Each structure stands twice: as structure tokens, then as C-alpha cells.
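Here's the structure, in C-alpha cells; my notes come after.
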Amino acid sequence: MAELRLCLRSVIMVFINFALAFAFVSAERSFFKEKFYSETRENESSFFLKAINFLWESDQNGYHHVWPEFEFNWQIVLGTLIGFFGAAFGSVGGVGGGGIFVPMLSLIIGFDPKSATAISKCMIMGASVSTVYYNLRLRHPTLDMPIIDYDLALLIQPMLMLGISIGVAFNVIFPDWLVTVLLIILFLGTSTKAFLKGSETWSKETIEKKEAAKRLESNGVSGTEVEYVPLPAAPSTNPGSNKKEEVSILENVYWKELGLLVFVWVVFLALQIIKQNLATCSTAYWVINLLQIPVAVGVSAYEAVALYQGRRIIASKGQGGSNFTVGQLLLYCTFGILAGVVGGLLGVGGGFIMGPLFLELGVPPQVSSATATFAMTFSSSMSVVEYYLLKRFPVPYALYLVAVATLAALVGQHVVRRLIAALGRASLIIFILASMIFVSAISLGGVGIVNMIGKFQRHEYMGFENLCKYSG
């Protein structure tokens, strides 16, 4: 008890001494107080004004497009080769290839970064269309259904379209340095996640191949050559050797779901055309923009409610495709919007988000790639329309590069499908996906950093752009 009193007495004495010291110096400080605070307020005000002026000046525009002449030279040849391989691998991974296209268009051919983003979307559209055409006849690797999961696409694609519109607007508004930072963080994270998923799938395939070899050896057959059998997502609904790998397009398409997806695309297209004839940032302009929300949310909500109630299922997941919580469905829709924003903002395919997401859902790699590409066909074509209306790219260049990407995607799909059959490794698709995302993070991030340093050295405006004063 005595120790407690001593401790309290010490604390009280410290406070008394502090109070006396404060009273003593306060009289001395009062003389300089007004001058000191006045200078501090001026310094703080100056700092914040400089920061605001750096990030935003309503009458400033840091964007001026750079479009090189369309003529045959070494830049075109090298750009064509890089674009070809980027489209081939991008279509296989289900990511489109924008992470390769944008640096190629900017560094080699000579477009400014934002024009490169727009032309990249044109190339992604060409690659997506040809890939979807190739996939329309293909069936699921283990289940009796198309390789494209239309219910999964119907849940994600409307939100993807909504995100694209937001992303295109952000592409006009956001400064390049902010885009670069967001890109590096996002792509490094998703590539790591995809690589880990690929390693997990590779291990499962290895176990499956060993078990298949043991079964063959027990039957007196050499186990050195094991026929490729895809990892089942669920017990096959069409067992045996009668399962068709390809059927006619008419038999393989779910027309009701496709009709709803086309409806969303047409409505969004009509709204974009109407918006083009309105004054930017007028009341009618914002009303038309906001009308996209009930269309996208309505169609995705229709599918989400059906999935929640069990009237529909994500069939490509097998038995696990019928049990969804409200939180899960909201999360998937949110990722759909995020994928669209990333696609519209960076000029890459929404597959950079959708691919890893679908794999985490338990969707087989072939189905994940096909479904992501199918959804990207709608979103990328809408981006092309919006960028065209914004006058963001030269049409002759875009037509040529779209043709290159279209041919490359067909070749890539054919070659990789044969490799999967020969090697017995569907995880090859996941590793291609992870590699494309990682290379995109390095290439796009590197280009962004170089451009940012150049602008800083030239003392150019590096703040946010004014959407209402944008003239293309």
C-alpha cells in the first residue's frame, strides 16, 4: 500500500511540474504565437494547393494522340510477329493478350499509351471472336454439355459490360501513373494466384496419370503411353467412349442464354450511340449512362436468383455448381464489374480477372478459358464501339491488326489443343494464363514507368483529366 501511495505521489508531482513548466513557457510563447501559426497555415495551404494543382486543373489536358503513318516498315513487321504470338497465347489462356499488345503498340509501332489501349481492345475483339467460333462446336472435357458455360457467362457478362463503360471513362480521366500502379499491383497478385492453381492442377494430373498407368499395367498393358483423360469436375454424365468431342453449332448453343447476352449487348450499344449525340456531362448524358445499371443488374440478378433457388446450376462445376450463398453470388458479380473496369481502363481482356476467378470456382481450365473468352467477345466489342466514338484509334491500323489477331487465335487454339491431348496436361492452359498475366505486369508496368518518368522530366501535366472537356 505504501508503494502504491509513493507511485501515485510521483505521478502527481510529474504532472504538477509539467503544468508549471507549461505555464512558464506559455507566457514567453504568446509573443510569437500569432506569427508562428500564420506562417504554418501559409505553408500548409501552399502544400495542399500544389498537390491539388498537380492532380487536377480543370482547364488542362495532358493527352494528345500520336498515330504513326500506316506504311510497311520494320516496326510493322516486328509488331505483327509479337501481336501474332500474343494473340495466340492470350486466346488460349482466356486473357485476350492485351498485356502484350499495349507495349508492342506503344514501344514498337509508336502509338501513344491511350491510343495503344484502344487498338489493343480491337485486337482482343478479333481474337475473341475467332476463339469463340472455334469453341462453339466443342464439348465439355468430362460432362455432356458445351465447353462454354452459358449460365456462368450470363451471371458475369452483364456486370462485365457495366464495368467496361466505367473503365473507358476512367481511361479518359485517370493519369497514366495511377493506371501503372494499379496495374502492377493487380496483375502480380492474379498471376501468383493463377500459378499456384496451375501447380495444384499439375499435381492432380500427375497422380491421375500414375494411377492410369498402374491400371494399364495390372491389365497386362504397357503403362509408358497413357491416353489423356481430363480431370473430372464431377462424375461424367455421359460415360464411355460414345462422348462426342465436337457437335454442330446449332446443337451446342444454349439459345435462350445467348439471346439474353445479345440483348444486354444491343441495349448497351444503343445507349452508347444515343449518348454520342448528347452534350458531355449534360443531364441527359448522365441519365443515359445510369440506364446501363438497371439493364446489367437486372439480367445478372435474374441469373443469380435462379442459381440461389436451384432452378439453374453452374453445370461445368459438376455437383458443386448448385449450392451458392447470396454473399458468393454478390462477390462473383463484383468481380465481373472489376474485370470490366480493368479491361476498359488498361485495354486488356477481362480474362485477367475472370480466368483466375473461374479456376477458383472449380471450373476446368478448358471451360474457364472458353467461357472467359466468350464473355470477353461482348465486352471487348463494346469497348471498341466506345473507343471509336471517342475517336481513340485510326481505323486502317485497327483493321489490319484485328485480322492478325483473328488468324493467330485460331492457330493458337488448334496447336495448344493438340499439345494438351499429347501431353495429358490441361494445366498447360493455367500456366499460359499465369505467364501472360505476369509478362503483362512487367511489360505494361515498365512502359508506364518509362512514360511517367518522361512526363515528369518534361514537366508535363500529370493529373486527372476533365471528362467533360475531353475532345479526343
Side-chain angles (χ1 to χ4, degrees), residues 121 125 149-174 254-314 324-345 349-351 353-354 357-358 371-372 374-390 467-468 470:
K121 269 298 179 185
M125 181 189 70
D149 192 323
Y150 288 90
D151 283 298
L152 183 56
L154 191 58
L155 177 67
I156 298 294
Q157 184 258 5
M159 309 310 288
L160 185 71
M161 298 281 286
L162 180 61
I164 284 288
S165 294
I166 299 171
V168 170
F170 283 173
N171 179 267
V172 174
I173 297 170
F174 280 13
Y254 290 1
W255 294 101
K256 179 181 178 181
E257 288 78 1
L258 179 61
L260 283 171
L261 294 172
V262 172
F263 165 76
V264 174
W265 188 90
V266 170
V267 171
F268 270 64
L269 177 63
L271 291 174
Q272 294 302 323
I273 294 174
I274 294 171
K275 186 176 71 174
Q276 189 63 20
N277 297 319
L278 301 173
T280 305
C281 293
S282 64
T283 302
Y285 174 90
W286 291 115
V287 169
I288 293 297
N289 268 315
L290 292 174
L291 283 176
Q292 296 174 107
I293 297 176
V295 174
V297 173
V299 174
S300 285
Y302 163 78
E303 178 67 18
V305 170
L307 288 171
Y308 179 73
Q309 295 177 348
R311 291 184 286 110
R312 290 177 178 270
I313 60 172
I314 304 297
F324 293 101
T325 64
V326 174
Q328 285 178 319
L329 294 169
L330 287 174
L331 183 63
Y332 301 155
C333 290
T334 302
F335 274 113
I337 295 177
L338 178 61
V341 171
V342 170
L345 175 62
I353 304 295
M354 290 188 294
L357 171 63
F358 292 167
T371 306
F374 178 68
M376 274 196 302
T377 302
F378 294 95
S379 61
S380 60
S381 59
M382 182 56 59
S383 292
V384 170
V385 171
E386 294 188 27
Y387 281 130
Y388 175 77
L389 295 176
L390 287 169
L467 178 65
C468 299
Y470 174 75

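Excluded from the calculations below are hydrogen atoms, water molecules and symmetry mates; all remaining heavy atoms, backbone and side chain alike, are included. A quick note: this is a predicted structure, and the numbers were derived from the prediction, not measured.
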Minimum heavy-atom separation for [X] to [Y], with atom names?
X      : Y      : answer
Tyr285 : Ala279 : CB-O, 3.4 Å
Leu291 : Val295 : O-CG2, 3.5 Å
Lys275 : Ile288 : CB-CG2, 4.0 Å
Ile156 : Leu357 : CD1-CD2, 4.5 Å
Leu389 : Gln272 : CD1-O, 3.6 Å

To the nearest 0.5 angstrom, please state how far the [atom1] atom of [X] sits from the [atom2] atom of [Y].
X      : Y      : atom1 : atom2 : value
Tyr150 : Arg312 : OH    : CZ    : 13.0 Å
Leu307 : Tyr302 : CG    : OH    : 10.5 Å
Glu303 : Leu152 : CD    : CG    : 9.0 Å

For residues 324-344, please give each side-chain donor-acceptor pair under 3.5 Å, one per line with the distance, not counting sequence neighbours.
{"from": "Thr325", "atom 1": "OG1", "to": "Gln328", "atom 2": "N", "distance (Å)": "3.1"}
{"from": "Gln328", "atom 1": "OE1", "to": "Thr325", "atom 2": "N", "distance (Å)": "3.0"}
{"from": "Thr334", "atom 1": "OG1", "to": "Leu330", "atom 2": "O", "distance (Å)": "2.8"}

Classify the ring geometry between Phe374 and Phe378 as parallel (under 30°), tilted (30 to 60°) or perpendicular (over 60°).
-> perpendicular
Given Leu154 and Val299, is the side chain to side chain contact (heavy atoms under 4.5 Å, CB included) satisfied, shown in steps?
-> CA-CA 8 Å; Leu154 191 58; Val299 174; 3.8 Å; yes
Is it the case that more than 12 heavy atoms not belonging to Tyr388 sit under 6.0 Å from its OH atom?
-> no
Exercise answer: donor-acceptor pairs, residues 157-167 side-chain atoms, under 3.5 Å, sequence neighbours excluded:
{"from": "Ser165", "atom 1": "OG", "to": "Gln292", "atom 2": "OE1", "distance (Å)": "2.7"}
{"from": "Ser165", "atom 1": "OG", "to": "Glu386", "atom 2": "OE2", "distance (Å)": "3.2"}

